[in-house]
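Everything numeric here is computed off the predicted structure, so don't read it as measured data. Start at 1 with the first residue, then count along the sequence.
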Amino acid sequence: MDFETLVQTRKSVRGFTREPVARTVIEDIIEVAKRAPSSMNTQPWHIHVLTGEPLEEVRRRNMEEMIAGASPKRDIISHGEYQGVHRGRQVDIAKKLFAVMGIARDDKPMRQVLRGFRQFDAPVSLVLTYDKVLDPGAVCHFDLGALCYGIVLAAWDRGLGSVINGQGIMRSDIVREVANIPEDEVIMTCVAMGYPDDSFPANAVRSDREANGDFVRYVGFAD
């Protein structure tokens with residue numbers, strides 16, 4: 001699959017089959033993704049790949065804490081709730097997802113969020129971290145984002161779907177404990193990954209994107 005087609009067709013997957021993902025496949029994906037751009041070749045990233053019982057423990061404890069009303073405890077600073085145009089885009093995709101999944105309006109807050117806390121029951125989770133010494137980390141955040149997108153695209157090219165999932169690390173302290181992640185690494189996000197379940201309605205949903213003219217400016221071109 002050529003790169004343009006890969007980017008156009010890739011979408012977030014919110015339903016996975018129970019088929020396990022072989023370690024060799026993950027290794028192959030990372031081998032490709034680690035060629036992502038990195039500022040000054042610093043390569044500030046680390047990847048902790050969870051599956052099986054450790055991932056189940058993270059899922060269970062993350063969900064139990066959040067249901068019990070515990071506050072999120074993420075390593076990175078949160079922007080808080082979205083407002084304005086950003087909130088509008090968030091609501092638009094939520095409406096599409098809830099519609100195809102038959103989730104009633106008054107049931108929205110819990111049913112979809114709980115799936116996120118469980119990392120959508122994907123068989124694999126890649127927890128992405130960076131070296132804490134680099135904070136405040138705008139540049140290394142950019143590097144980690146490039147690595148993350150490389151992982152997602154390489155996975156899609158190999159028949160795997162994924163969700164870049166902040167809800168899965170809402171309790172980063174639990175993730176750190178279970179995965180034995182060193183204190184000198186900052187947990188930024190995770191990627192839930194597995195083989196897509198094509199019968200899951202939400203997997204057919206694609207988010208809208210703004211027209212180029214709404215966010216692109218061309219400066220200095222003759223035309």
Side-chain angles (χ1 to χ4, degrees), residues 10-18 20-21 26 29-30 33 36 45-52 54-67 70-82 86 89-90 93-94 96-98 101 103 108-130 141 144-156 160-179 181 185-197 200-207:
R10 195 212 68 78
K11 55 185 180 293
S12 288
V13 172
R14 297 168 179 85
F16 299 91
T17 69
R18 295 183 178 275
V21 181
I26 302 296
I29 289 168
I30 294 172
W45 47 59
H46 303 271
I47 306 172
H48 305 267
V49 187
L50 281 64
T51 193
L55 179 53
E56 285 301 322
E57 182 177 351
V58 168
R59 272 199 257 267
R60 176 182 56 78
R61 292 175 60 186
N62 187 44
M63 188 171 67
E64 287 175 353
E65 290 285 330
M66 299 310 294
I67 290 176
S71 298
K73 192 174 181 180
R74 297 185 63 177
D75 286 0
I76 60 173
I77 297 173
S78 172
H79 51 71
E81 292 187 5
Y82 289 113
H86 306 109
R89 293 169 185 153
Q90 179 188 26
I93 187 62
K96 288 186 176 183
L97 291 169
F98 294 141
M101 295 175 67
I103 298 177
K108 289 178 185 179
M110 190 54 68
R111 284 178 57 185
Q112 185 67 7
V113 167
L114 288 182
R115 298 192 69 253
F117 290 153
R118 290 190 55 80
Q119 300 190 40
F120 302 92
D121 290 311
V124 173
S125 176
L126 286 72
V127 180
L128 307 186
T129 72
Y130 64 88
H141 290 177
L144 211 67
L147 173 72
C148 185
Y149 195 46
I151 289 171
V152 168
L153 290 179
W156 191 252
L160 288 159
S162 53
V163 184
I164 302 171
N165 177 229
Q167 290 173 329
I169 56 160
M170 279 296 194
R171 295 294 307 214
S172 291
D173 53 334
I174 293 173
V175 179
R176 186 180 301 279
E177 176 191 337
V178 175
I181 297 173
E185 295 178 23
V186 177
I187 299 173
M188 186 169 185
T189 194
C190 66
V191 181
M193 185 179 295
Y195 292 99
D197 179 359
F200 193 75
N203 283 354
V205 173
R206 295 192 67 183
S207 58

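- The minimum heavy-atom distance between Pro196 and Thr17, with the atom names listed, is O-CG2, 3.4 Å.
- Going from atom CG of Asp197 over to atom CG of Asp121 covers 11.5 Å, rounded to the nearest 0.5 Å.
- Tested against Val127 for a side chain to side chain contact (heavy atoms under 4.5 Å, CB included), the candidates Val191, Ile187, Leu55, Ile47 yield a single pass: Ile187.
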| query | Gln119 and Asn62: side-chain contact (heavy atoms from CB on, under 4.5 Å), yes or no, with the steps? | reply | CA-CA 10 Å; Gln119 300 190 40; Asn62 187 44; 5.9 Å; no
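- Every residue meeting the side chain to side chain contact (heavy atoms under 4.5 Å, CB included) condition with Gln90, not counting sequence neighbours, appears here in chain and number order: Tyr82, Arg87.
- Every side-chain hydrogen bond (donor to acceptor under 3.5 Å, both in side chains) that Lys96 has, sequence neighbours left out, goes to Asp208.
- Remark: Ser207 engages Arg209 in a side-chain hydrogen bond (donor to acceptor under 3.5 Å, both in side chains) (not counting sequence neighbours).
- A pairwise comparison of heavy atoms in Ala192 and Phe16 identifies O-CZ, 3.9 Å as the closest pair.
- Atom CD1 of Ile169 is separated from atom OG1 of Thr189 by 5.0 Å, given to the nearest 0.5 angstrom.
- Taken from CZ in Arg74 to CD in Gln167, the straight-line distance is 9.5 Å, to the nearest 0.5 Å.
- Partners of Pro54 according to the side chain to side chain contact (heavy atoms under 4.5 Å, CB included) rule, which considers only residues two or more places apart in sequence or in another chain, are Val178.
- Considering only residues two or more places apart in sequence or on other chains, Tyr130 meets the ring-ring contact (aromatic ring centres under 6.0 Å, His included) condition with His141.
- Here Leu126 contributes atom CG and His48 contributes atom NE2; the two are 10.5 Å apart, rounded to the nearest 0.5 Å.
- For Pro20 against Tyr195, the heavy-atom pair with the smallest separation is O-CE1, 3.6 Å.
- Between Met170 atom CE and Met66 atom CE the span is 5.5 Å, to the nearest 0.5 Å.
- For Arg61, the salt bridge (charged side-chain N to carboxylate O under 4.0 Å, His left out) partners two or more places apart in sequence, or in a different chain, are Glu57, Glu177.
- The side chain to side chain contact (heavy atoms under 4.5 Å, CB included) check on Glu56 picks up Arg59, Arg118, with sequence neighbours excluded.
- For Asp75, the salt bridge (charged side-chain N to carboxylate O under 4.0 Å, His left out) criterion is met by Arg176, not counting sequence neighbours.
- Thr51 meets the side chain to side chain contact (heavy atoms under 4.5 Å, CB included) test with Val124; sequence neighbours excluded.
- Between atom CE of residue Met188 and atom CG of residue Leu147 there is a gap of 11.0 Å, rounded to the nearest 0.5 Å.
- The closest donor-acceptor contact from the side chain of Asn165 to the backbone of Cys190 lies at 3.5 Å or more, if one exists at all.
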| request: Decide side-chain contact (heavy atoms from CB on, under 4.5 Å) for Ser125 and Val58; before the verdict, give the C-alpha distance in whole Å, the side-chain angles of both, and the deciding distance to 0.1 Å. | output: CA-CA 10 Å; Ser125 176; Val58 168; over 6 Å; no
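- In this structure Glu65 satisfies the side-chain hydrogen bond (donor to acceptor under 3.5 Å, both in side chains) test with no other residue, sequence neighbours excluded.
- Shown here for Leu128 and Cys148, the closest heavy-atom pair between the two residues is CD1-CB, 3.6 Å.
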